[in-house]
Amino acid sequence: MKIQVFVFLLFPFVTVSDDSVPSRSPYAKYESIFNFGDSLSDTGNYLAVGAPGLPQIAHLPYGETFFGNATGRASDGRLIVDFIECDSYFKKSLFLVGEIGGNDYNIPFLFLGASIEQVRPLVPLIIEAIINATTALIEEGAVNMVVPGNLPAGCVLAYLTRFQSSNQSDYNRITGCVDAFNEFSKYHNQLLVEALETLREKYPQARIMYADYYGASIGFYYTPKLYGFSGGSITACCGGRGPYNFNISSFCGVPGSTVCKDPSTFASWDGVHWTEAAYRYIAKGLVYGPFTSPPL
Ligand SMILES: *[C@@H]1O[C@H](CO)[C@@H](O)[C@H](O)[C@H]1NC(C)=O
Ligand SMILES: *[C@@H]1O[C@H](CO)[C@@H](O)[C@H](O)[C@H]1NC(C)=O
Ligand SMILES: *[C@@H]1O[C@H](CO)[C@@H](O)[C@H](O)[C@H]1NC(C)=O
Ligand SMILES: *[C@@H]1O[C@H](CO)[C@@H](O)[C@H](O)[C@H]1NC(C)=O
(Lines give C-alpha, C1' and ligand atoms only; values in the text may rest on other atoms or scores of the structure.)
(Ligands and ions follow the chains in the order given, each with its own letter.)
Protein backbone atom coordinates (compact mmCIF):
# COMPACT_ATOMS: atom_id res chain seq x y z
CA MET A 1 0.00 0.00 0.00
CA LYS A 2 1.11 3.53 -0.73
CA ILE A 3 0.92 6.48 1.58
CA GLN A 4 0.73 9.81 -0.20
CA VAL A 5 1.66 12.60 2.15
CA PHE A 6 0.93 16.25 1.47
CA VAL A 7 2.55 18.46 4.04
CA PHE A 8 1.56 22.05 4.33
CA LEU A 9 1.27 25.06 6.64
CA LEU A 10 4.80 25.47 7.95
CA PHE A 11 6.09 23.07 5.33
CA PRO A 12 6.04 23.31 1.54
CA PHE A 13 3.35 21.40 -0.30
CA VAL A 14 4.90 18.29 -1.79
CA THR A 15 3.93 14.72 -2.55
CA VAL A 16 5.75 11.47 -2.14
CA SER A 17 4.71 7.88 -1.97
CA ASP A 18 6.22 5.71 0.65
CA ASP A 19 6.43 1.95 0.54
CA SER A 20 8.82 1.56 3.42
CA VAL A 21 6.23 -0.02 5.73
CA PRO A 22 4.71 -3.03 4.00
CA SER A 23 1.00 -3.64 4.36
CA ARG A 24 0.40 -6.85 6.28
CA SER A 25 -3.33 -7.14 5.87
CA PRO A 26 -4.61 -9.11 2.88
CA TYR A 27 -8.10 -7.78 3.67
CA ALA A 28 -7.14 -4.18 3.03
CA LYS A 29 -10.30 -2.13 2.58
CA TYR A 30 -8.50 0.95 1.33
CA GLU A 31 -5.70 0.71 -1.22
CA SER A 32 -3.95 3.96 -0.46
CA ILE A 33 -3.82 6.73 2.08
CA PHE A 34 -3.52 10.36 1.09
CA ASN A 35 -2.39 12.46 3.99
CA PHE A 36 -2.53 16.24 4.33
CA GLY A 37 -0.91 17.45 7.50
CA ASP A 38 2.12 18.65 9.43
CA SER A 39 5.13 17.02 11.06
CA LEU A 40 2.91 14.74 13.17
CA SER A 41 2.16 12.81 9.99
CA ASP A 42 5.01 13.63 7.62
CA THR A 43 6.83 10.51 6.47
CA GLY A 44 9.64 12.35 4.73
CA ASN A 45 8.59 15.36 2.63
CA TYR A 46 10.05 17.98 4.89
CA LEU A 47 13.41 16.21 4.84
CA ALA A 48 13.17 15.90 1.06
CA VAL A 49 13.04 19.71 0.82
CA GLY A 50 16.02 20.09 3.18
CA ALA A 51 14.23 20.30 6.57
CA PRO A 52 14.75 24.06 7.07
CA GLY A 53 14.34 24.87 10.75
CA LEU A 54 14.51 21.29 11.93
CA PRO A 55 17.70 19.79 10.41
CA GLN A 56 17.95 17.31 13.32
CA ILE A 57 15.25 15.10 11.80
CA ALA A 58 17.78 14.14 9.10
CA HIS A 59 19.91 12.29 11.67
CA LEU A 60 19.76 9.73 14.42
CA PRO A 61 18.39 9.45 17.07
CA TYR A 62 15.37 10.30 14.85
CA GLY A 63 14.27 6.97 13.39
CA GLU A 64 16.34 4.83 15.75
CA THR A 65 13.55 2.59 17.06
CA PHE A 66 12.03 1.19 13.90
CA PHE A 67 14.05 2.22 10.88
CA GLY A 68 17.51 2.30 12.43
CA ASN A 69 18.07 5.51 10.51
CA ALA A 70 16.49 8.91 9.97
CA THR A 71 13.62 8.84 7.44
CA GLY A 72 12.37 12.38 7.89
CA ARG A 73 9.75 11.31 10.40
CA ALA A 74 9.78 13.54 13.49
CA SER A 75 9.82 10.67 15.97
CA ASP A 76 11.98 7.73 17.02
CA GLY A 77 10.01 5.47 14.66
CA ARG A 78 6.64 5.14 13.00
CA LEU A 79 3.76 7.64 13.03
CA ILE A 80 -0.01 7.28 13.39
CA VAL A 81 -0.39 7.14 9.60
CA ASP A 82 2.11 4.25 9.40
CA PHE A 83 0.13 2.22 11.93
CA ILE A 84 -3.20 2.96 10.28
CA GLU A 85 -1.70 1.66 7.07
CA CYS A 86 -0.39 -1.50 8.72
CA ASP A 87 -3.38 -2.29 10.86
CA SER A 88 -6.43 -1.31 8.95
CA TYR A 89 -8.77 -3.40 6.86
CA PHE A 90 -9.09 -1.13 3.93
CA LYS A 91 -10.20 -1.05 0.18
CA LYS A 92 -10.52 2.32 -1.52
CA SER A 93 -8.53 5.46 -0.82
CA LEU A 94 -8.51 6.96 2.60
CA PHE A 95 -7.88 10.68 2.94
CA LEU A 96 -6.39 11.81 6.20
CA VAL A 97 -6.83 15.59 6.47
CA GLY A 98 -4.57 16.54 9.36
CA GLU A 99 -3.64 16.88 12.06
CA ILE A 100 -3.85 20.57 11.03
CA GLY A 101 -3.78 23.54 13.35
CA GLY A 102 -0.95 22.52 15.65
CA ASN A 103 1.54 24.84 13.95
CA ASP A 104 -0.98 27.66 13.61
CA TYR A 105 -1.18 27.68 17.40
CA ASN A 106 2.46 26.79 18.14
CA ILE A 107 3.75 29.93 16.45
CA PRO A 108 1.68 32.51 18.37
CA PHE A 109 1.87 30.62 21.69
CA LEU A 110 5.49 29.45 21.64
CA PHE A 111 7.28 32.06 19.57
CA LEU A 112 5.18 35.23 19.79
CA GLY A 113 4.16 34.97 23.45
CA ALA A 114 0.46 35.37 22.64
CA SER A 115 -2.19 34.68 25.29
CA ILE A 116 -5.08 32.25 24.94
CA GLU A 117 -7.47 35.21 24.68
CA GLN A 118 -5.46 36.57 21.75
CA VAL A 119 -5.32 33.27 19.86
CA ARG A 120 -8.88 32.11 20.50
CA PRO A 121 -10.39 34.26 17.70
CA LEU A 122 -8.13 32.45 15.21
CA VAL A 123 -9.76 29.09 15.90
CA PRO A 124 -12.80 29.54 13.60
CA LEU A 125 -10.42 30.55 10.79
CA ILE A 126 -8.28 27.43 11.23
CA ILE A 127 -11.45 25.30 11.25
CA GLU A 128 -12.58 27.04 8.06
CA ALA A 129 -9.24 26.23 6.42
CA ILE A 130 -9.56 22.56 7.41
CA ILE A 131 -13.13 22.46 6.09
CA ASN A 132 -12.00 24.16 2.86
CA ALA A 133 -9.27 21.56 2.33
CA THR A 134 -11.69 18.71 3.07
CA THR A 135 -14.33 20.23 0.77
CA ALA A 136 -11.84 20.60 -2.09
CA LEU A 137 -10.93 16.91 -1.82
CA ILE A 138 -14.60 15.82 -1.74
CA GLU A 139 -15.29 18.02 -4.77
CA GLU A 140 -12.44 16.15 -6.49
CA GLY A 141 -14.15 12.85 -5.75
CA ALA A 142 -12.68 11.74 -2.43
CA VAL A 143 -15.16 9.69 -0.40
CA ASN A 144 -13.45 8.35 2.72
CA MET A 145 -12.21 11.25 4.81
CA VAL A 146 -10.60 11.13 8.24
CA VAL A 147 -10.27 14.57 9.83
CA PRO A 148 -8.31 14.54 13.10
CA GLY A 149 -8.63 17.01 15.91
CA ASN A 150 -5.77 18.42 17.94
CA LEU A 151 -3.80 16.66 20.64
CA PRO A 152 -3.84 18.13 24.18
CA ALA A 153 -1.62 21.22 23.84
CA GLY A 154 -1.41 21.65 27.61
CA CYS A 155 0.51 18.37 27.86
CA VAL A 156 3.04 19.29 25.14
CA LEU A 157 6.39 19.86 26.82
CA ALA A 158 7.26 22.87 24.68
CA TYR A 159 4.09 24.52 26.04
CA LEU A 160 4.78 23.42 29.62
CA THR A 161 8.31 24.80 29.37
CA ARG A 162 7.25 28.10 27.81
CA PHE A 163 4.47 28.68 30.33
CA GLN A 164 6.10 27.76 33.61
CA SER A 165 3.88 29.21 36.29
CA SER A 166 4.42 29.60 40.01
CA ASN A 167 0.68 29.24 40.51
CA GLN A 168 0.10 25.53 41.12
CA SER A 169 -3.58 25.86 40.28
CA ASP A 170 -2.62 26.43 36.63
CA TYR A 171 -1.63 22.75 36.51
CA ASN A 172 -3.86 19.71 36.57
CA ARG A 173 -3.20 17.92 39.87
CA ILE A 174 -3.18 14.46 38.31
CA THR A 175 -1.57 15.01 34.92
CA GLY A 176 0.68 18.02 35.50
CA CYS A 177 -0.62 19.45 32.21
CA VAL A 178 -1.82 23.07 31.85
CA ASP A 179 -5.60 22.82 31.92
CA ALA A 180 -6.18 26.13 30.11
CA PHE A 181 -4.29 24.91 27.03
CA ASN A 182 -6.09 21.59 27.07
CA GLU A 183 -9.37 23.52 27.18
CA PHE A 184 -8.14 25.46 24.17
CA SER A 185 -7.50 22.21 22.26
CA LYS A 186 -10.96 20.98 23.26
CA TYR A 187 -12.47 24.21 21.96
CA HIS A 188 -10.74 23.71 18.59
CA ASN A 189 -11.97 20.12 18.49
CA GLN A 190 -15.53 21.05 19.42
CA LEU A 191 -15.74 23.61 16.60
CA LEU A 192 -14.27 21.05 14.21
CA VAL A 193 -16.84 18.40 15.21
CA GLU A 194 -19.65 20.91 14.61
CA ALA A 195 -18.24 21.99 11.25
CA LEU A 196 -17.90 18.36 10.14
CA GLU A 197 -21.56 17.75 11.01
CA THR A 198 -22.52 20.59 8.64
CA LEU A 199 -20.19 19.19 5.99
CA ARG A 200 -21.85 15.74 6.24
CA GLU A 201 -25.22 17.34 5.51
CA LYS A 202 -23.76 19.09 2.48
CA TYR A 203 -22.04 15.96 1.13
CA PRO A 204 -24.11 12.94 2.20
CA GLN A 205 -22.25 10.75 -0.33
CA ALA A 206 -18.93 11.29 1.50
CA ARG A 207 -17.95 9.34 4.57
CA ILE A 208 -16.56 12.00 6.88
CA MET A 209 -14.94 10.62 10.02
CA TYR A 210 -13.66 12.63 12.96
CA ALA A 211 -10.51 11.22 14.59
CA ASP A 212 -10.33 12.13 18.26
CA TYR A 213 -6.56 12.41 18.77
CA TYR A 214 -7.22 14.18 22.07
CA GLY A 215 -9.33 11.36 23.48
CA ALA A 216 -6.96 8.72 22.13
CA SER A 217 -3.97 10.30 23.90
CA ILE A 218 -5.20 11.96 27.11
CA GLY A 219 -4.97 8.65 28.97
CA PHE A 220 -1.17 8.79 28.60
CA TYR A 221 -1.19 11.68 31.07
CA TYR A 222 -3.74 10.34 33.58
CA THR A 223 -2.46 6.76 33.76
CA PRO A 224 1.02 6.64 32.18
CA LYS A 225 1.82 3.25 33.76
CA LEU A 226 -1.10 1.66 31.94
CA TYR A 227 0.76 2.40 28.71
CA GLY A 228 4.16 1.39 30.00
CA PHE A 229 5.36 5.00 30.12
CA SER A 230 7.48 4.44 33.21
CA GLY A 231 9.87 7.17 32.04
CA GLY A 232 6.93 9.56 32.20
CA SER A 233 4.45 11.29 29.96
CA ILE A 234 5.59 14.85 30.57
CA THR A 235 9.31 14.21 30.20
CA ALA A 236 11.00 14.12 26.79
CA CYS A 237 12.95 10.99 25.86
CA CYS A 238 15.33 13.06 23.76
CA GLY A 239 16.49 16.56 24.74
CA GLY A 240 17.93 18.02 27.94
CA ARG A 241 18.47 20.91 30.34
CA GLY A 242 14.94 21.77 31.38
CA PRO A 243 12.34 20.70 33.94
CA TYR A 244 10.66 18.46 31.37
CA ASN A 245 13.97 17.41 29.82
CA PHE A 246 13.07 19.92 27.12
CA ASN A 247 14.96 23.06 26.20
CA ILE A 248 14.90 24.64 22.76
CA SER A 249 18.68 25.14 23.03
CA SER A 250 19.27 21.41 23.62
CA PHE A 251 16.61 20.18 21.26
CA CYS A 252 16.80 16.48 20.40
CA GLY A 253 19.65 15.87 17.98
CA VAL A 254 21.71 18.99 18.66
CA PRO A 255 25.13 18.55 20.30
CA GLY A 256 24.69 18.26 24.06
CA SER A 257 21.22 16.69 23.89
CA THR A 258 20.76 13.20 25.25
CA VAL A 259 18.46 10.36 24.31
CA CYS A 260 16.77 7.94 26.72
CA LYS A 261 17.62 4.24 26.65
CA ASP A 262 14.14 2.99 25.85
CA PRO A 263 11.84 5.39 23.93
CA SER A 264 8.90 3.01 24.36
CA THR A 265 8.76 4.02 28.05
CA PHE A 266 8.10 7.67 27.14
CA ALA A 267 5.10 9.37 25.51
CA SER A 268 7.06 12.38 24.29
CA TRP A 269 9.91 11.92 21.87
CA ASP A 270 11.44 15.40 21.64
CA GLY A 271 9.04 17.63 23.58
CA VAL A 272 7.06 18.52 20.45
CA HIS A 273 6.42 15.15 18.80
CA TRP A 274 5.35 11.84 20.27
CA THR A 275 7.21 8.51 20.36
CA GLU A 276 6.44 5.58 18.10
CA ALA A 277 4.97 3.83 21.15
CA ALA A 278 2.55 6.73 21.75
CA TYR A 279 1.58 6.94 18.06
CA ARG A 280 0.93 3.19 18.05
CA TYR A 281 -1.54 3.55 20.95
CA ILE A 282 -3.26 6.48 19.24
CA ALA A 283 -3.57 4.55 15.96
CA LYS A 284 -4.91 1.50 17.82
CA GLY A 285 -7.53 3.68 19.51
CA LEU A 286 -8.55 5.06 16.12
CA VAL A 287 -8.67 1.77 14.21
CA TYR A 288 -9.96 -0.62 16.89
CA GLY A 289 -11.18 1.66 19.65
CA PRO A 290 -13.88 4.27 20.01
CA PHE A 291 -11.89 7.29 18.85
CA THR A 292 -13.05 7.62 15.25
CA SER A 293 -16.66 8.59 14.62
CA PRO A 294 -18.20 7.11 12.66
CA PRO A 295 -15.75 4.19 13.03
CA LEU A 296 -13.10 3.53 10.37
C1 LIG B 1 20.89 6.97 6.79
O2 LIG B 1 20.30 8.17 6.25
C3 LIG B 1 21.26 9.05 5.69
C4 LIG B 1 20.51 10.32 5.26
O5 LIG B 1 19.18 10.32 5.62
C6 LIG B 1 21.94 8.38 4.51
O7 LIG B 1 22.90 9.25 3.96
C8 LIG B 1 22.60 7.11 5.00
O9 LIG B 1 23.14 6.42 3.91
C10 LIG B 1 21.59 6.22 5.69
N11 LIG B 1 22.28 5.09 6.26
C12 LIG B 1 21.82 3.84 6.18
C13 LIG B 1 22.64 2.79 6.87
O14 LIG B 1 20.79 3.57 5.60
C1 LIG C 1 -12.50 29.08 2.52
O2 LIG C 1 -13.06 29.10 1.23
C3 LIG C 1 -13.86 30.24 0.97
C4 LIG C 1 -14.54 30.03 -0.37
O5 LIG C 1 -13.59 29.72 -1.36
C6 LIG C 1 -12.97 31.48 1.00
O7 LIG C 1 -13.74 32.64 0.77
C8 LIG C 1 -12.34 31.57 2.38
O9 LIG C 1 -11.41 32.65 2.42
C10 LIG C 1 -11.59 30.28 2.71
N11 LIG C 1 -11.17 30.36 4.10
C12 LIG C 1 -9.94 30.08 4.52
C13 LIG C 1 -9.66 30.27 5.97
O14 LIG C 1 -9.07 29.68 3.77
C1 LIG D 1 -3.89 31.07 40.41
O2 LIG D 1 -4.65 30.59 39.32
C3 LIG D 1 -6.05 30.48 39.57
C4 LIG D 1 -6.71 29.82 38.38
O5 LIG D 1 -5.92 29.81 37.24
C6 LIG D 1 -6.60 31.87 39.84
O7 LIG D 1 -7.98 31.78 40.12
C8 LIG D 1 -5.86 32.48 41.04
O9 LIG D 1 -6.28 33.81 41.23
C10 LIG D 1 -4.36 32.46 40.79
N11 LIG D 1 -3.66 32.86 42.02
C12 LIG D 1 -2.69 33.77 42.01
C13 LIG D 1 -2.05 34.04 43.32
O14 LIG D 1 -2.33 34.36 40.99
C1 LIG E 1 17.88 26.06 28.77
O2 LIG E 1 19.27 25.95 28.64
C3 LIG E 1 19.94 27.18 28.85
C4 LIG E 1 21.41 26.94 28.52
O5 LIG E 1 21.91 25.86 29.25
C6 LIG E 1 19.71 27.64 30.27
O7 LIG E 1 20.34 28.89 30.48
C8 LIG E 1 18.21 27.79 30.52
O9 LIG E 1 17.97 28.13 31.86
C10 LIG E 1 17.50 26.50 30.17
N11 LIG E 1 16.06 26.72 30.24
C12 LIG E 1 15.26 26.04 31.08
C13 LIG E 1 13.81 26.31 30.94
O14 LIG E 1 15.67 25.26 31.89
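Index from 1, following the sequence. Just so we're clear, the structure is a prediction, and the values are computed from it rather than from any experiment. Just follow the structure's listing: the first ligand is 1, and inside any ligand the first atom is 1.
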Counting from 1, what ligand 4 atoms have a heavy atom of G242 closer than 4.0 Å? 14 (O)
Taking only residues two or more places apart in sequence or in another chain, which ones pass side chain to side chain contact (heavy atoms under 4.5 Å, CB included) with S293? Y210
Is the side chain of T275 donor-acceptor paired with the backbone N or O of F266 at a distance under 3.5 Å, no angle test? yes
Pick out the protein N or O atoms lying less than 3.5 Å from any N or O of ligand 2, and list each pair with its distance.
residue	atom	partner	partner atom	Å
ligand 2	2 (O)	N132	OD1	3.2
ligand 2	2 (O)	N132	ND2	2.3
ligand 2	11 (N)	E128	OE2	2.6
ligand 2	11 (N)	N132	ND2	2.9
ligand 2	14 (O)	N132	ND2	3.4

Side chain N189, main chain N150, donor-acceptor under 3.5 Å: yes
Atom indices of ligand 3, in the order listed, that fall short of 4.0 Å to a heavy atom of D170: 2 (O), 5 (O)
Look at the aromatic rings of F95 and F36 and report parallel, tilted or perpendicular, splitting at 30° and 60°. parallel
Numbering the atoms of ligand 3 from 1, which are under 4.0 Å from a heavy atom of N167? 1 (C), 2 (O), 3 (C), 8 (C), 10 (C), 11 (N), 12 (C), 14 (O)
Here the atoms of ligand 3 under 4.0 Å from any heavy atom belonging to S169 are 1 (C), 2 (O), 3 (C), 4 (C)
salt_bridge(E117, R120) N-O dist < 4.0 Å: no
Could you go through the disulfide (SG to SG under 2.5 Å) check for C237 and C260 one step at a time? CA-CA 5 Å; C237 161; C260 69; 2.2 Å; yes
Polar contacts were defined as any N/O atom of the residue lying under 3.5 Å from an N/O atom of the ligand; does this apply to N247 and ligand 4? yes
Where is the tightest heavy-atom contact between H59 and A70, given as atom of each residue plus distance? N-CB, 3.5 Å
S249 and N247: side chain donor to acceptor below 3.5 Å: yes
So among E194, K186, H188, which one has a side-chain hydrogen bond (donor to acceptor under 3.5 Å, both in side chains) with Q190? E194
Polar-atom distance check: Q164 versus ligand 4, any N or O pair below 3.5 Å? no
